[in-house]
Amino acid sequence: MRWSQNFIPTLREDPADAEVISHKLLLRAGLIRQLGSGIYSYLPMAQRIALKIMQILREEMNRIGGQEFYLPALHPAEIWKESGRWDAIGADMFRLKDRKDADMCLGMTHEEIFTAIARHELRSYKQLPQVWYQIQVKFRDEPRPKSGLMRLRTFIMKDAYSFDVDAAGLDRSFEDQREAYKRIFGRCGIQFAIVEASSGAMGGSASNEFVARTDAGEDLIATCSACGYAANLEKATSRLGLIKDLVGPDAPEEFPTPGVRTIEDLIKFPGGAKAENQIKTLVYMVTVQRMKMELGSRDDHILETPAIVLLRGDDHLQETKLLDALVRMGSFAIGVRPARAEEIRALFGANAGSLGAVKINRSNELIQKIRREIAEFPNTSDYILDTVDLIVVADQTLRGRRNMTTGANKDDHHLRGVDVERDIHIDRWADLRGVNAGESCPRCESGTLDVYKAMEIGHIFKLGTKYSESMGATVLTPDGKPTPIVMGSYGIGVERIITAAIEQNHDENGIIWPKSISPFDCIVTVTNMKDAALRETGDKAYKDLQRAGLDVLLDDRDERAGVKFKDADLIGIPYRITIGKKVADGVVELFDRKTKTSEEVKLSEIVSRVQSLALAGL
RNA sequence: CGGGGCGUAGCACAGCCUGGUAGUGCGCUCGGUUUGGGACCGAGAGGUCGGAGGUUCGAAUCCUCUCGCCCCGACCA
């Protein structure tokens, strides 16, 4: 490619809207331009990069037996209604109507569509396993698109789906994908980690998240340097020392605590308690989706129901863990939010600073009172009357604790001497607390946890039979019985790879592309186009390198050398061949973008030299 | 959804408070000098001041509405 005839609109200054480094460099290097919030046009250089990444994705998917499809991005609503996700997903899905006023949507993922093919065409266990994938655009109406290509509303994803006859088969397919992902990110030059992650409210028995460490990331990862344990904070646990409580009274004692509103207040209050001896009582509203699945009829309800969450005073709630715990209870929970002050008031008759879970009894008149009071709320769903159920979920660090202090459900009063298991009816014990950096590793004896920021670049799920059951995708087993296909789902965001590659490979001068995904293998920079000898030498080097099978960019613009060097650094091509004064001696300069070192190479040897460098791994 | 900020030339910004002929730098065009790390001199082109309505003799500037974008938080199966 000749730069003079190509569109590489580099910018000298940082665009005002860009905050993170990859966003700035994507714009400055002439890779992308914004069309709308979370919507970007990919210019020719970016397209070259994307194509290289997609080629790696294809090679590695094909290597594990994957077959490439191309499915529609436009979906009729019916298929999403079948799986229940039309209602479950909400505002994240782009929805539209066709001319006949039928509901449609733009696909945000393709479990339903692939499953629809599987259920029609896969009949026998003999046809399994199957590994199907595509590289295709996805649409998600993100609440907050941000950071250039990091969080988009339309983006390219490689999504793969595995279909197995049983869990053991899924385990093998999952492992294949895991290995493929390791090769893919490795080949793309990304430093990544595999972490335990929440499977989310949509179910699935296991999932691994692939993350790239970068301060621009939105995920927090806890990791142990001693044993390699790594987990998303949504899932991470730690090993805590046991606390020996003193023997308390036979029953809780109420005492006045005027003005005490927070854990901190109660620590300082005379006769109060240390944070680790307090019970923190939080009230959450849980969004529940109820699906009655009867033959020939479906009845979906979305409703909200309150839950009480108990933690140690010095811990904080990890909301995803709460949601996961509620899902494990079989509650069909799809979301949680903190209760509003007026909701808390109505439920407890006390304000947030004075709450406690002692003697919450579902069958007494308190529930009647709650029901009456909730019914008076404006904007409260009618459904709530049928489902008021003050579920109490407690963090397992509270197990066996006694002589604790907590709110008395009366403003300005607390209870001391509370024995958690004796005095509180707890519906569910769960791991709910968020871990903190510096706590002990849950896996090994010696390590402590470090917490760093990272961005999600891939996610693999064991879906199980969620979609095959709801959509009726079954095969016959050897003994002739229908069994739901056991599925897995595996995604990689192409733009996320681009973003992570830049975040991890740049310096003050610009991008430093990993060789494998660089838009060009090398750039030939002619320092002065007015010098015929340099011009001709550059042209010959360009053609020779091309003939050797390399992707070459020839900077033949009528610009000063300094401008060309700056631009070459900015767009991040791994090797620069500078055609300058020493051409008279048959010598050119070979500059390594990453190490910033240069060597003089004889013109006659430049092709073989660049070839060996460009092909030598990362 | 809550909070904050910003829309003026291709890009980055000033002008707005205190209404009176729309500016600066970079980029772009032309001429000249330069030519290895974002050159210099000279001459130019380029703007419905996001949109609509209002106040006023007069609005980029004041008021109302609206659209869009960015950031923080919430949220993100």
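Lettering follows sequence order; numbering is per chain, from 1. Computed from heavy atoms alone, side chains included, the values below leave out hydrogens, waters and symmetry copies.
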Roughly how many Å apart are B:rU55 and B:rA60, using the P atom of each and rounding to a whole number? 16 Å
By nearest heavy atom, map A:Val336 and A:Val563 onto RNA chain B; which one lands nearer the 5' end? A:Val563
Pick base, sugar-phosphate or nothing for A:Thr527, based on heavy-atom distances below 4.0 Å to the nucleic acid. base
Under a 3.5 Å cut-off for both distances, is B:rC76 Watson-Crick or wobble paired, and to whom? none
Only residue of A:Ser207, A:Ser162, A:Ser173 satisfying side chain to side chain donor-acceptor pair (under 3.5 Å) with A:Tyr490 is A:Ser162
Between B:rU35 and B:rA45, how far apart are the two P atoms, rounded to whole Å? 31 Å
Atom CD of A:Glu142 to atom P of B:rC69: distance rounded to whole Å? 14 Å
B:rG54 and B:rA59, which share atom name C1', separated by this distance in whole Å: 11 Å
Per atom distances to the A:Ser37 side chain, the nearest of B:rG38, B:rU35, B:rC69 is B:rC69
Roughly how far apart, to the nearest Å, are B:rG68 and B:rC30 at atom C1'? 37 Å
Provide the distance between the two C1' atoms, one in B:rA9 and one in B:rG25, to the nearest whole Å. 12 Å
Separation of atom CD1 in A:Ile39 from atom C1' in B:rG68, rounded to whole Å: 12 Å
Rounded interatomic separation in angstrom, taking NZ from A:Lys564 and P from B:rA39: 13 Å
Just the rounded figure in Å: distance from C1' of B:rC69 to NE2 of A:His23. 11 Å
For B:rA52, give the paired nucleotide (Watson-Crick: N1-N3 plus N6-O4 or O6-N4; G-U: N1-O2 and O6-N3; both under 3.5 Å), or none. B:rU64
Heavy-atom donor-acceptor pair, A:Arg28 side-chain to B:rG38 base, under 3.5 Å: yes
With no hydrogens and no angle check, just 3.5 Å: does a side-chain donor-acceptor pair link A:Asp567 and A:Thr10? yes
Select base, sugar-phosphate, or nothing to describe what A:Thr578 touches, counting heavy atoms under 4.0 Å on all strands. base
With sequence neighbours excluded, what pairs up with A:Phe185 under the ring pair (Phe, Tyr, Trp, His ring centres under 6.0 Å) test? A:Tyr181, A:Phe192, A:Phe210
With a 4.0 Å cut-off on heavy atoms, is A:Ser598 in touch with a base, just the backbone sugar-phosphate, or nothing at all? nothing
Close residues, residues 529-537 of chain A, relative to RNA chain B [heavy-atom separation under 4.0 Å]: A:Lys530
Looking only at side chains, do A:Thr223 and A:Tyr452 share a donor and an acceptor under 3.5 Å apart? no
Among B:rA39, B:rG38, B:rC70, which nucleotide sits nearest the side chain of A:Arg560? B:rA39
Rounded to whole Å, the CE-P distance (A:Met150 to B:rC70) equals 14 Å
Within a radius of less than 6.0 Å around CG of A:Asp215, do more than 12 heavy atoms belonging to other residues, nucleotides or ligands occur? no
Side-chain donor/acceptor of A:Asn509 to base of B:rG37, under 3.5 Å: no
Confirm from the modelled atom types if A:Glu13 and B:rG38 form a donor-acceptor pair under 3.5 Å, side chain to base only. no
Whole-Å gap separating P (B:rG4) and NZ (A:Lys146): 19 Å
Mate of B:rA12 where both pairing distances stay under 3.5 Å, Watson-Crick or G-U: B:rU24
Between A:Lys81, A:Arg119, A:Arg85, A:Lys466, which is the residue that forms a salt bridge (Lys or Arg N to Asp or Glu O under 4.0 Å) with A:Glu112? A:Arg85
Picking from B:rC69, B:rG38, B:rA74, which would you name as closest to the side chain of A:Gln34? B:rC69
Nearest whole Å is fine: how far is B:rA74 C1' from A:Glu218 CD? 13 Å
Interatomic distance at P, B:rC13 relative to B:rU8, whole Å: 10 Å
How long is the line joining CE of A:Met108 and C1' of B:rA77, in whole Å? 7 Å
Scan A:Arg576 against the nucleic acid and name what it touches under 4.0 Å (heavy atoms): base, sugar-phosphate only, or nothing. base
Side chains of A:His23 and A:Lys146 only: does a donor on one sit below 3.5 Å from an acceptor on the other? no
When you look at CE of A:Met1, are more than 12 heavy atoms from neighbouring residues, nucleotides or ligands closer to it than 6.0 Å? no
Pick the C1' atom in B:rU61 and in B:rC76, then give their distance to the nearest Å. 41 Å
May I ask which nucleotide in the shown strands pairs with B:rA39, Watson-Crick or G-U wobble, both distances under 3.5 Å? B:rU33
Using a heavy-atom cut-off of 4.0 Å across all strands, would you classify A:Lys581 as base, sugar-phosphate, or nothing? base
Identify whether any heavy atom of A:Glu589 sits under 4.0 Å from a base atom; if not, whether one sits that close to sugar-phosphate; answer base, sugar-phosphate or nothing. base
Just to verify, which of A:Thr109, A:Asp159, A:Thr154 counts as forming a side chain to side chain donor-acceptor pair (under 3.5 Å) with A:Lys138? A:Asp159
Among the candidates B:rC72, B:rG37, B:rA77, find the nucleotide nearest to the side-chain atoms of A:Arg144. B:rC72
For A:Ala561 and for A:Asp17, find the nucleotide of RNA chain B with the closest heavy atom, then tell me which residue's nucleotide is more 5'. A:Ala561
How would you label the contact of A:Pro15 with the nucleic acid (heavy atoms, under 4.0 Å): base, sugar-phosphate, or nothing? sugar-phosphate
Please give me the minimum heavy-atom distance between A:Ile221 and A:Asn232, naming the atom from each residue. CD1-CA, 4.0 Å
Does the structure show a Watson-Crick or G-U wobble partner for B:rC69, both distances under 3.5 Å? Name it, or say none. B:rG5
Using a heavy-atom cut-off of under 4.0 Å over every strand shown, decide if A:Glu319 touches base, sugar-phosphate, or nothing. sugar-phosphate
Distance only, no hydrogens: is a donor on one side chain within 3.5 Å (strictly under) of an acceptor on the other, for A:Thr262 and A:Glu264? no
Can you tell me the pairing partner of B:rA59 across any strand shown, Watson-Crick or G-U wobble, with both distances under 3.5 angstrom? none
Options B:rG38, B:rG37, B:rC70, nucleotide nearest the side-chain atoms of A:Phe565: B:rG37
Side chain A:Glu559 and base B:rG38 donor-acceptor under 3.5 Å: no
C1' gap between B:rC26 and B:rG38, integer Å: 10 Å
